[in-house]
Amino acid sequence: VLIDAVGPSSVYLATAALLVASSYTLFRLPAGLRSKARPRRITRDLYFGVRHMLSRPVLVALVGLSFARNLFGGPYRPFLPAYAQDHLRLDAKGLGGLTSAMGVGSLVSALIATALGNTRHKGRMLIGAGIATGACLILLVSLRSVPTAFVLVALIGGFSSLSMLLT
């Protein structure tokens, strides 16, 4: 809506100004308490963290799934504006609607995950959410129906969010 109202350059300028204001506010926060412990070396912590992960197959699987999800499922977001314009013939408002649908799907899945609490079969749910994300992405690029695209983008946002929460 803002892109249509004031143009893309003004929106990006406003975004940059808000990021600068946020950074300024962050740097103005008071310093935290100093630890009495000796400073640790990051390379040593990294070494022990990787060693710990490699000693537990479940952690290796979770890191692998997370890597695969980001490699194969994450890149759709930067392509969403081109997809909305070229395949769905949507303007900036339509793209904003698609992006909002993704956010609504993420919010709904986060609320569902919270309601489920500490449930059993999280691994099965994680694999199912990953497969569902991939299937929805394939359907999204295969179909050209605008209402279907909104539903699929909401589902993709929901299943992606659920995958991250379960991981």
Side-chain angles (χ1 to χ4, degrees), residues 2-3 8-9 11-84 95-96 98-141 152-167:
L2 284 175
I3 289 173
S9 58
V11 171
Y12 285 118
L13 184 63
T15 302
L18 289 171
L19 287 172
V20 167
S22 174
S23 298
Y24 173 77
T25 304
L26 181 64
F27 287 116
R28 297 287 302 160
L29 289 174
L33 297 175
R34 300 275 182 216
S35 173
K36 303 261 190 261
R38 287 186 306 181
R40 299 185 326 197
R41 292 181 34 206
I42 191 168
T43 53
R44 185 167 188 245
D45 286 348
L46 186 59
Y47 168 76
F48 283 112
V50 170
R51 197 170 117 199
H52 174 75
M53 181 195 71
L54 292 175
S55 71
R56 291 175 173 66
V58 165
L59 293 179
V60 173
L62 287 174
V63 169
L65 282 172
S66 182
F67 177 77
R69 180 182 64 239
N70 288 318
L71 181 66
F72 298 113
Y76 83 94
R77 290 179 186 180
F79 294 115
L80 198 57
Y83 173 78
L95 174 61
L98 276 179
T99 306
S100 297
M102 187 185 337
V104 167
S106 294
L107 176 64
V108 168
S109 74
L111 293 173
I112 290 171
T114 302
L116 288 175
N118 191 13
T119 184
R120 294 179 50 125
H121 307 297
K122 288 182 189 135
R124 291 180 185 160
M125 290 172 61
L126 176 62
I127 291 171
I131 291 170
T133 301
C136 288
L137 280 167
I138 290 169
L139 284 172
L140 180 66
V141 298
L152 287 171
V153 168
L155 288 172
I156 291 167
F159 288 129
S160 295
S161 179
L162 186 60
S163 292
M164 286 186 278
L165 289 168
L166 290 170
T167 300

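Just so it is clear, the values below take in all heavy atoms, side chains as well, and ignore hydrogens, waters and symmetry mates.
Every residue meeting the side-chain contact (heavy atoms from CB on, under 4.5 Å) condition with Tyr76, not counting sequence neighbours, appears here in chain and number order: Met102, Leu137, Ile156. Considering only residues two or more places apart in sequence or on other chains, Leu116 meets the side-chain contact (heavy atoms from CB on, under 4.5 Å) condition with Ile112, Thr119, Met125.
Taking OG1 of Thr133 as the start and CG of Leu152 as the end, the distance is 11.5 Å to the nearest 0.5 Å. Put simply, OG1 on Thr43 and CZ on Phe48 are 10.0 Å apart, with the number rounded to the nearest 0.5 Å. The OG atom of Ser106 sits 6.5 Å away from the CE atom of Met164 when rounded to the nearest 0.5 Å. Atom OG of residue Ser163 and atom CD1 of residue Ile127 lie 10.5 Å apart, to the nearest 0.5 angstrom.
Residue Leu26 places its CG atom among more than 12 non-hydrogen atoms of other residues, nucleotides or ligands, all under 6.0 Å distant.
The closest donor-acceptor contact from the side chain of Ser66 to the backbone of Leu62 lies at 3.5 Å or more, if one exists at all. Thr99 contributes a side-chain N or O that, together with a main-chain N or O of Leu95, makes up a donor-acceptor pair within less than 3.5 Å.
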Quiz: residues 49-61 side-chain donor-acceptor pairs under 3.5 angstrom, not counting sequence neighbours:
unit_1, atom_1, unit_2, atom_2, d
His52, ND1, Arg56, NH1, 3.0
Ser55, OG, His52, O, 2.7

